[in-house]
Amino acid sequence: MENLLKAKIKQAVEVLYNCSVAEELIQIQETRKDFSGDFTLVVFPLLRFSKNTPENTGETIGSYIVDKFPAISGFNVIKGFLNLEISNLWWKEYFTDLAGSKSLFEKCRVEKPETILVEYSSPNTNKPLHLGHIRNNLLGYSLYRILSVCGHSVIKTNIVNDRGIHICKSMIAWQRFGNGETPQSTGIKGDHLVGKYYVIFEREYRLQAAVLVQQGMDVAKAKNEAPLMAETREMLLKWEAGDPEVYNLWKMMNSWVYAGFDETYDKLGVDFDKIYYESDTYKLGKEIVLTALENNVLYKNADSSIWADLTSDGLDQKLLLRSDGTAVYMTQDLGTAVDRYREYKFDKNIYVVGNEQNYHFQVLRTILKRMGYDWAEGLIHFSYGMVELPEGRMKSREGTIVDADDLISEMQETARDVSLELGKLADFSDVEKEEIFRKIGLGALKYYILKVDPRKNMTFNPAESIDFNGNTGPFIQYTYARIKSVFRKAEQLGIKEEINSLSEAKVGVKEIEIVKLLRRFPETVSASAAGYSPALIANYCYELAREYNQFYHDFSILGETDQSIRNFRLILSRVTSEVIYNGMWLLGIEMPERM
RNA sequence: GGACCUGUAGCUUAAUUGGAUAGAGCAUCUGGCUACGGACCAGAAGGUUGGGGGUUCGAGUCCCUCCAGGUUCACCA
């Protein structure tokens, strides 16, 4: 419709003012709700052609369009805005097409599909997942679905930080203080057990350093020379050298962690097509660094550490190999990127990583480009904001980290409490009920996190997150469940859809209002793909649900005596439920048939 | 100190990328079921978009400058 209007307006300006107009000057937008009309032309940019006041120009163009374009039933001009009214018949015909279309995503397909890797989650194997990871996983997974329905070929990847000094810390602590504990012997989930030893390491290490400081050593030196830290460094060297004892311990503890992660991913409803391990990719990283050193892209320090000098790009010096030859984080990221490109020849490699690493990715891309990898252009850092608590940032030192597993079960508990209190599920079995509680609890959590602009820091307010009223996941699920309830009733009454006669129904403004909203779905999906923002879809779903609820409240569907209107409303409800279902599906949120 | 980011009602947030009178939810107050589901709907109140300047027909959005907060610049990841 917009394109048609643009063409007509272009024609109008040519005929009326004898000038040809550039496409960008014709600005069409949906009319704001407080004004009458459907589409609005901003006339200011056209004044240079009309050489007249905004009002007169609007009037002139408006009359021309109404005259030449039967779908336009009227217009009004307010200040510099020409509001065009589309005939109800056009909307009803539009809706007829929509109701009969096979896929809601047809209009989202891009012309040139790309191969896109989406990396998300990226856990360290020394701690369980927390609230920050939840935002990461939900964003990554939703992005995967959004890009996929737009026609791209998307590969979900995860890079597991399974090596490095931090892993050795848990290992050392377990060796020293673990007494052979295992997930089996303790009944503790594997990732939580390993996390426990990471915490123990930090505690003991801090104690040792404090003792040294008390003996008169300065703080930096004490931190460096505490025996636990020395052992850890030694273990990392052994690990890189392939020492069998260290290697086996590492394998065992990592396997515990993976079992734990898999459980959490499963609960969250996310998965991966390809998992990379840094223990595999860091070697390639080292090779690449050494090759680049030979090619004089990098330089070697007197202590034989290897660096990139990025000062000419406005960045700093960056260490790529330590003086003892071991790899750092950046080294393995270089290796991973090259590895991935060799395997997939991706057009884009999207890293879903927090905004605290903005600098890291700037450096990564710069170094790869200097090394001559032109495809580094396609590395995209999808930089999302931190999740904070009402009291401020989560701090492990203060024990304010919100654990992912705990949070998921708490949300489910709350869903159970609320549902049981409302008592609408009496005729369900316990298993069925639990499934509904799960959908509601997770729906609330996911929606709460995904509705905010990913780029912004967000506050996670526990009290607010378990609210199921207003702009929440359960509100949207509830709207869906109500529509389903209407269908069940319709079936009982033997009322069937008649898709042929939709445009004859004498429906009111509210129905048309919803049709207008439904029309925005594909463009919302496209916009969320282009802007990497699931939040746009979340807010759209809410708006649609709210609009539908008003309609549902004010009008009867099955009780309507005019059959053509009843039929229109029934199909309107069906399409609305489909759009809500699919929109929420893009966010990874499941919809219960009843709740 | 350098670089980057953020600031919208008491709180959580939106704003079609420069368009009209800044839109919602929570909390507060008031009202609404003989109905297809009240996890709903309607109404009230709440704003100098951190301050100031500039560009523009038009600025929450772009530029400058202050103020406040955050992130980062590790032989951590």
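Convention: sequence-line order gives letters A, B, ...; per-chain numbering from 1.
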The side chain of [X] lies closest to which of these nucleotides: [options]?
{"X": "A:Gln332", "options": "B:A77, B:A14, B:G38", "result": "B:A77"}
{"X": "A:His553", "options": "B:G37, B:A77, B:G32", "result": "B:G32"}
{"X": "A:Asn549", "options": "B:A14, B:C40, B:C4", "result": "B:C40"}

Which atom pair, heavy atoms only, marks the closest approach of [X] to [Y]?
{"X": "A:Ala308", "Y": "A:Tyr299", "result": "C-CE2, 4.2 Å"}
{"X": "A:Ser577", "Y": "A:Tyr480", "result": "O-CE1, 3.5 Å"}
{"X": "A:Phe437", "Y": "A:Ser419", "result": "CE2-CB, 3.3 Å"}

Expressed as a whole number of Å, how far does the [atom1] atom of [N] sit from that of [M]?
{"N": "B:U49", "M": "B:U61", "atom1": "P", "result": "10 Å"}
{"N": "B:C63", "M": "B:G19", "atom1": "P", "result": "15 Å"}
{"N": "B:C41", "M": "B:A27", "atom1": "P", "result": "13 Å"}
{"N": "B:G60", "M": "B:U8", "atom1": "P", "result": "15 Å"}

Identify each atom pair where a protein N or O and an N or O of nucleotides 17-27 of chain B are less than 3.5 Å apart, giving names and distance.
residue, atom, partner, partner atom, Å
B:G19, N7, A:Gln27, OE1, 3.1
B:A20, OP2, A:Arg32, NH1, 2.6
B:A20, N6, A:Thr40, OG1, 2.8
B:A20, N6, A:Asn83, OD1, 3.1
B:A20, N1, A:Asn83, OD1, 3.1
B:A20, N1, A:Asn83, ND2, 3.4
B:U21, OP1, A:Lys79, NZ, 2.6
B:A24, O2', A:Tyr542, OH, 3.3
B:G25, O2', A:Asn471, N, 3.3

What is the distance from atom [atom1] of [X] to atom [atom2] of [Y], rounded to the nearest 0.5 Å?
{"X": "A:Asn158", "Y": "A:Ser121", "atom1": "CG", "atom2": "OG", "value": "4.5 Å"}
{"X": "A:Lys446", "Y": "A:Ile449", "atom1": "NZ", "atom2": "CD1", "value": "10.0 Å"}
{"X": "A:Asn76", "Y": "A:Asn83", "atom1": "CG", "atom2": "CG", "value": "4.5 Å"}

Test side chain to side chain donor-acceptor pair (under 3.5 Å) applied to A:Asn161 and A:Tyr277, step by step: CA-CA 7 Å; A:Asn161 253 296; A:Tyr277 297 92; over 6 Å; no

Taking it one step at a time, do A:Thr479 and A:Asn549 satisfy side chain to side chain donor-acceptor pair (under 3.5 Å)? CA-CA 7 Å; A:Thr479 308; A:Asn549 271 334; 3.1 Å; yes

Where do A:Asp316 and A:Leu310 land on the side-chain contact (heavy atoms from CB on, under 4.5 Å) test, with the steps shown first? CA-CA 5 Å; A:Asp316 295 297; A:Leu310 307 175; over 6 Å; no

Find the partner of B:G23: check Watson-Crick (N1-N3 plus N6-O4 or O6-N4) and G-U wobble (N1-O2, O6-N3) distances, both under 3.5 Å, and reply none if neither fits. B:U13

Find every protein N or O atom lying less than 3.5 Å from an N or O atom of nucleotides 70-72 of chain B, and list the pairs.
residue, atom, partner, partner atom, Å
B:U71, OP1, A:Arg393, NH1, 3.0

Using a cut-off of 4.0 Å on non-hydrogen atoms, how would the nucleic acid contact of [X] be classed: base, sugar-phosphate, or nothing?
{"X": "A:Ser323", "answer": "base"}
{"X": "A:Thr524", "answer": "nothing"}
{"X": "A:Phe555", "answer": "base"}
{"X": "A:Asp453", "answer": "sugar-phosphate"}
{"X": "A:Ile165", "answer": "sugar-phosphate"}
{"X": "A:Ala481", "answer": "base"}

Within the 6.0 Å centroid threshold, strictly below: A:Phe475 and A:Tyr478: no

Check this one for me: any side-chain N or O of [X] less than 4.0 Å away from OP1 or OP2 of [N]?
{"X": "A:Gln550", "N": "B:A42", "value": "yes"}
{"X": "A:Arg322", "N": "B:C76", "value": "yes"}
{"X": "A:Lys318", "N": "B:A74", "value": "no"}
{"X": "A:Lys456", "N": "B:G7", "value": "yes"}

Glycosidic torsion of B:U17 (syn if within 90° of 0, anti otherwise) classifies it as syn

